[in-house]
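Note on naming: letters A, B, ... go to the chains in the order of the sequence lines (proteins, then strands), and numbering restarts at 1 for each one.
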2 protein chains.
Amino acid sequence: MKVDELDAKIVRLFTEEQRMSVLEASRILKVARATVQARLDRMIANGVIARWAPEPEPRAFGFPVVAFCFLTINQDLGHDAVSKTLAEIPEVIEVHTVSGDSDLMARVAARSNSDLQRVLDIIMATKAVVRSSSVIALNTHFEGRTLPLLEAAARG
Amino acid sequence: MKVDELDAKIVRLFTEEQRMSVLEASRILKVARATVQARLDRMIANGVIARWAPEPEPRAFGFPVVAFCFLTINQDLGHDAVSKTLAEIPEVIEVHTVSGDSDLMARVAARSNSDLQRVLDIIMATKAVVRSSSVIALNTHFEGRTLPLLEAAARG
DNA sequence: TCGGATCTGGGCAGAATGCGCAATGGATGT
DNA sequence: ACATCCATTGCGCATTCTGCCCAGATCCGA
């Protein structure tokens with residue numbers, strides 16, 4: 001979908017002030033309330049705004065460790081079947097099929113480094129994965145920073 | 001912070017129905033409105049709810065390609081300085097310091113595979129990075145699935 | 001130049017919010 | 001047993017926002 005600068009400004013407003021109302025946004029941007037409504041509806045309908053929900057942060061409730069695990073899967077099962085199996089483990093936050101030496105990459109949260117071992121054991125115990133190799137995130141500089149990209153897309 | 005099952009149910013409600021109001025949530029959960037308010041305020045104050053904002057999805061506005069880039073940084077600069085430099089590139093969505101052979105891992109969005117090359121060139125041109133190696137996400141099975149983990153934390 | 005899409009400003013009923021309050025209940029420490 | 005603290009409850013009230021409708025103005029692409 002094509003987005004323009006007004007779209008980006010709307011998203012920025014609602015991102016920076018979570019208590020922003022549509023009416024208040026329309027006042028700030030000096031457009032009609034119906035316009036803000038319509039833009040939001042359109043962006044949600046087209047998936048430009050994928051979700052708009054409270055985001056639990058594992059670091060804040062006992063899971064300070066994040067690791068990226070590269071998995072080689074059991075070839076008897078497909079990627080989809082394996083990802084479905086992994087989806088049953090709550091510590092698995094994210095799964096992609098990737099290019100390169102491995103088949104899948106998973107983002108995993110854990111209570112500690114030794115707890116990460118426990119989660120990896122659970123993953124291996126499913127028999128869906130035959131090999132894994134992990135990289136631990138020692139420090140997260142930033143995440144989910146999609147707003148600048150939206151603004152870049154809006155400019156041209 | 002400690003979360004209980006009511007906290008998790010509240011987050012789940014607001015995640016599944018974006019038009020959920022605090023009043024409606026209190027009716028569904030059969031608790032007082034003030035309780036839902038207080039729980040939300042507490043979770044936001046403690047960072048359990050890290051953000052509550054419209055999430056732009058790069059795939060929906062012209063950036064269907066996602067790659068994870070492992071970067072070796074110029075040792076004259078620190079990790080923080082390099083991540084700040086990377087933060088000026090809108091296509092860089094996420095940056096972590098990681099264990100293993102590389103120094104940083106970055107999530108990068110791009111318009112196409114050849115556009116990814118352009119972004120990588122921009123990254124290298126900063127002179128903050130001396131080597132990079134990328135893994136392309138061919139298929140994203142799921143992302144940002146933190147709710148099951150919150151519920152697990154609430155149970156135990 | 002025409003037609004469709006978008007933006008505008010307005011109104012209106014219903015709903016939700018922000019705020020304050022006193023009473024209740026449960027857990028804890030002495 | 002008792003006092004204390006804190007979360008929860010139910011209530012009311014003024015203010016604000018939403019959802020929905022409309023007619024007219026305006027913009028943009030075919």
The test is side chain to side chain contact (heavy atoms under 4.5 Å, CB included); show your working for B:Val36 and B:Val31 and say whether it passes. CA-CA 7 Å; B:Val36 177; B:Val31 294; 3.7 Å; yes
Residues A:Ile123, A:Val108; criterion side chain to side chain contact (heavy atoms under 4.5 Å, CB included); working and verdict:
CA-CA 10 Å; A:Ile123 290 174; A:Val108 172; 4.3 Å; yes
Side chain to side chain contact (heavy atoms under 4.5 Å, CB included) between A:Glu91 and B:Leu149: does it pass, once the steps are laid out? CA-CA 6 Å; A:Glu91 285 89 351; B:Leu149 189 58; 4.0 Å; yes
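Among the heavy atoms of the strands lying under 4.0 Å from B:Arg39 are primed sugar atoms or P, OP1, OP2 only; no base atom is included.
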Side-chain donor-acceptor pairs of residues 43-55 of chain B under 3.5 Å, sequence neighbours excluded:
| from | atom 1 | to | atom 2 | distance (Å) |
| --- | --- | --- | --- | --- |
| B:Asn46 | ND2 | B:Arg42 | O | 3.1 |
| B:Arg51 | NH2 | A:Glu55 | OE1 | 3.2 |
| B:Glu55 | OE1 | A:Arg51 | NH2 | 3.2 |

Check residues 57-71 of chain B and write down every donor-acceptor pair under 3.5 Å in which the side-chain atom is one partner and the other belongs to a residue at least two apart or another chain.
| from | atom 1 | to | atom 2 | distance (Å) |
| --- | --- | --- | --- | --- |
| B:Glu57 | OE2 | B:Arg59 | N | 3.2 |
| B:Glu57 | OE2 | B:Arg59 | NE | 3.3 |
| B:Arg59 | NH1 | B:Thr140 | OG1 | 3.4 |
| B:Arg59 | NH2 | B:Thr140 | OG1 | 3.2 |
| B:Arg59 | NH2 | B:Glu143 | OE1 | 3.3 |

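A pairwise comparison of heavy atoms in B:Ile28 and B:Met20 identifies CD1-CE, 4.0 Å as the closest pair. When every heavy atom of B:Ile73 is checked against every heavy atom of B:Leu77, the shortest pair comes out as CD1-O, 3.9 Å. Nearest approach of A:Ala154 to A:Ala8, heavy atoms of both residues: CB-CB, 3.9 Å. Taking both residues in full, the closest heavy atoms of B:Ile89 and A:Arg145 are given as O-NH2, 2.8 Å, listed atom of the first, atom of the second, then distance.
Of the residues in residues 18-33 of chain B, B:Ser21, B:Val22, B:Leu23, B:Arg27, B:Arg33 come within less than 4.0 Å of DNA chain C through at least one heavy atom, sorted by number.
A:Thr85 places a side-chain N or O within 3.5 Å of a backbone atom of A:Ala81 that can act as its donor or acceptor partner.
A salt bridge between A:Asp121 and A:Arg118 is absent, with no side-chain N of the basic residue lying under 4.0 Å from a carboxylate O of the acidic one.
Counting 5' to 3', DNA chain D first comes under 4.0 angstrom of a heavy atom of chain A and last does so at the ends given by D:dC17 to D:dC20. For DNA chain C, the contact window with chain B, defined by any atom under 4.0 Å from a protein heavy atom, covers C:dA16 to C:dC19 in 5' to 3' order.
To the nearest 0.5 Å, the span separating CG on B:Asn139 from CG on A:Leu104 amounts to 9.5 Å.
Residue A:Glu17 places its CD atom among 12 or fewer non-hydrogen atoms of other residues, nucleotides or ligands, all under 6.0 Å distant.
The bend of the helix from C:dT1-D:dA30 to C:dT30-D:dA1, defined by the angle between the axes of its first five and last five pairs, stands at 60° to the nearest 10°.
Both B:Ala34 and A:Ala34 sit near DNA chain C, but only A:Ala34 has its closest nucleotide nearer the 5' end.
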